[in-house]
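Everything on this sheet refers to the single structure shown next.
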Protein chains: 2
Amino acid sequence: MTRAPASRAIEHTPLWLKLSSYLVLSDEEKSYLSDLERTIVREPPRTDLLQQGERYRDVRIMRDGWAIRHKALPDGRRQVVNFVLPGDLIGMYCTLFESADHSVTTLTAVEVASFPPERIGELFRSFPRLAAALAWSGAREEAIVAERLLSLGRRTALERTAHLIVELLRRLSIVNMAADGHFVLPVTQEILADALGLSIVHINRTLRRLRDSGLIELNGQRITVNDVRQLASVGQFDELYLHLIRAPRRLERAFSGAHHHNGARPDGEDRPKA
Amino acid sequence: MTRAPASRAIEHTPLWLKLSSYLVLSDEEKSYLSDLERTIVREPPRTDLLQQGERYRDVRIMRDGWAIRHKALPDGRRQVVNFVLPGDLIGMYCTLFESADHSVTTLTAVEVASFPPERIGELFRSFPRLAAALAWSGAREEAIVAERLLSLGRRTALERTAHLIVELLRRLSIVNMAADGHFVLPVTQEILADALGLSIVHINRTLRRLRDSGLIELNGQRITVNDVRQLASVGQFDELYLHLIRAPRRLERAFSGAHHHNGARPDGEDRPKA
DNA sequence: ATAGGGCTACAACATAGGTTAATCGGCCCG
DNA sequence: CGGGCCGATTAACCTATGTTGTAGCCCTAT
């Protein structure tokens, strides 16, 4: 069961929360963003929002609930690439591709906003700062995948698992879905296994070790992290890759001054010399 | 030793080659792109172009040579996230971050173009189609990392290795660096091991198996793939994720409508080119 | 030419994690 | 109330891959 967020102001939308930790959005940008989130769809758990191999349809913004992005081999082996949390985009740049190379499947009931891919062109043409912010969000997602690659390649099962738990805790706090070291993890052990490149049995063993050592507690889907510091240290967790810190000043400067909406021209400054 | 590309027209620049397989660039876009590549630097092998933890400096465009993008754990374990080939960008969106979460190190002598991060703002403001194309390129890179994640999580050592070889072959052909199933792989087995999440010894065993089965040949750094189809099948390689196929028509349309001031004219749109 | 460093190669052994299979508890449904 | 299914849990066993150690080759520096 997910929280039920009726219509809410754009200021409380998870995407806005995430982006605003990166740059200050103007009113026009805010209202355009909120317009992108106008069409809202609800889907039950275990629904495919996107299927590997299919041509793209709409771009989605996750507003509430959990999903996984995963890829499968022809023989059925499967890898969960990332968890899709509120504020994350689904198929953003992928719309620029011929067809999807991954699937996205809901874990809980979700609420997603949906807009046609044509609007991406519009977005890039008319709201360059917003476009850059979304590019930033995409780059951040890539950084998360790269960190998971490091996990699968070079961390042990115990380290990987600890690392993932701390990562989720951090990411969930950004969108106010975790407090006090505990959160709901709407996930079977099979999915954890597929995310960490382990077998179900071994994930089970590993969780047990974490519980036995008192680092975490599990009650149903509620997970409690008793000692974040220590868990982070077990997982060699360094939050640098989540890029929670604001972009350096020079970029704010690069973008300041020139918000233009539909068709406007960039006011003079800094014109490219071709 | 790398090929020595003197000054060459933008049309022969690897980045242009890569982007033009995606959309048709206008003359203005071409010349802006070429302006971005104006400042060129050469670096010897084993040079860090970027170091994990450091504040960002310039954005780089790889024009010639090989590099690796890698991440390290405090105890020295290392994962190669991706290979940086001509036409790839270094630290593009990362400039939007506080500091680097990965290192980039050259494998060969390289030639890179370099421009200050401020120009990203300029690019987004004035050349939205180009910005979208670069976003596409970034998304494609993420797709590659995700596919490698699938490899490390769910493919055996043999499959992973075969998969990587086929991937490199495909990527190198786009920039005309592979022909007839053979190319130069300027890489030690240690680096391969770090890319595939294996030990050096095991990569050695695995390459031996591939050689024994006649699928590949190795002479020094030259690798020859005797039977691409079969190697691809061993690695369960499906090139979908490389997104070599052009974006669907609707997107060209999205970008062709309201052009910007110095923006592109959709000259003779859509020359087919897969 | 000699010594040393970097890399490939392989053998012998060790182990993290996979596989198979059985049990158990909860939950839905008739 | 009883079956049936799904997921968690555990035990016993197995194998892919890691570790350690040694040797040889090919550079380059002296």
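Everything numeric here is computed off the predicted structure, so don't read it as measured data. In what follows, chains are A, B, ... by sequence order, proteins preceding strands, each numbered from 1.
For CZ of B:Arg222, the number of neighbouring non-hydrogen atoms (other residues, nucleotides, ligands) closer than 6.0 Å is greater than 12.
Following rounding to the nearest Å, B:Asp212 (CG) and C:dC10 (C1') show an atom-to-atom distance of 12 Å. As rounded to whole Å, 9 Å separates atom P of C:dG17 from atom CG of A:Leu158. Rounded to a whole Å, the CZ atom of A:Arg154 is 13 Å from the P atom of D:dT17. At whole-Å resolution of the value, CG in A:Leu218 and C1' in D:dG7 are 14 Å apart. Counting to the nearest Å, the P atom of C:dA16 and the CG atom of B:Leu152 are 20 Å from each other. Atoms CG (B:Leu196) and C1' (D:dA16) sit 15 Å apart, rounded to a whole Å. A:His202 has its NE2 atom 15 Å from the C1' atom of D:dC14, to the nearest Å. When the P atom of D:dG18 is taken as reference, atom CG of B:Asp194 falls 11 Å away, rounded to whole Å.
A:Arg160 has its side chain within reach of A:Leu198: a pair of non-hydrogen atoms, C-beta onward, lies under 4.5 Å apart.
For the atom pair OG (B:Ser103) and CZ (B:Arg78), the distance works out to 9.0 Å, reported to the nearest 0.5 Å. Atom OG in A:Ser233 sits 9.5 Å away from atom CD in A:Glu159 (nearest 0.5 Å).
Residue-level contact check: B:Ser199 touches the bases, meaning some heavy atom is under 4.0 Å from a base atom. Residue A:Leu198 is classed as a sugar-phosphate contact, given heavy-atom separations below 4.0 Å to backbone atoms only. Residue B:Arg46 is in sugar-phosphate contact alone, with no base atom involved, counting any heavy-atom pair closer than 4.0 Å across all strands shown. Residue contacts for A:Arg209: at a heavy-atom cut-off of 4.0 Å it reaches no nucleic acid atom on any strand shown.
Between B:Asn204 and C:dT8 there is no side-chain N or O to OP1 or OP2 distance below 4.0 Å. The phosphate of D:dT10 (OP1 or OP2) has a side-chain N or O of A:Arg208 nearer than 4.0 angstrom.
Closest contact between the side chain of A:Gln189 and the listed nucleotides D:dT19, C:dT19, D:dA8 involves D:dA8. In this structure, the nucleotide among D:dA8, C:dT20, D:dT19 sitting nearest to the side chain of A:Val201 is C:dT20. Counting only heavy atoms from C-beta on, A:Ala157 has its side chain closest to C:dG17 among D:dA11, C:dG17, C:dC7. Closest contact between the side chain of A:Arg160 and the listed nucleotides C:dC7, C:dG17, D:dT17 involves C:dG17.
Comparing B:Arg211 and A:Ile200, the nucleotide of DNA chain C nearest to each residue sits closer to the 5' end for B:Arg211. Map A:Gly197 and B:Arg205 each onto its nearest nucleotide of DNA chain C; the residue landing nearer the 5' end is B:Arg205.
Aromatic ring centres of A:Tyr241 and A:His163 lie closer together than 6.0 Å.
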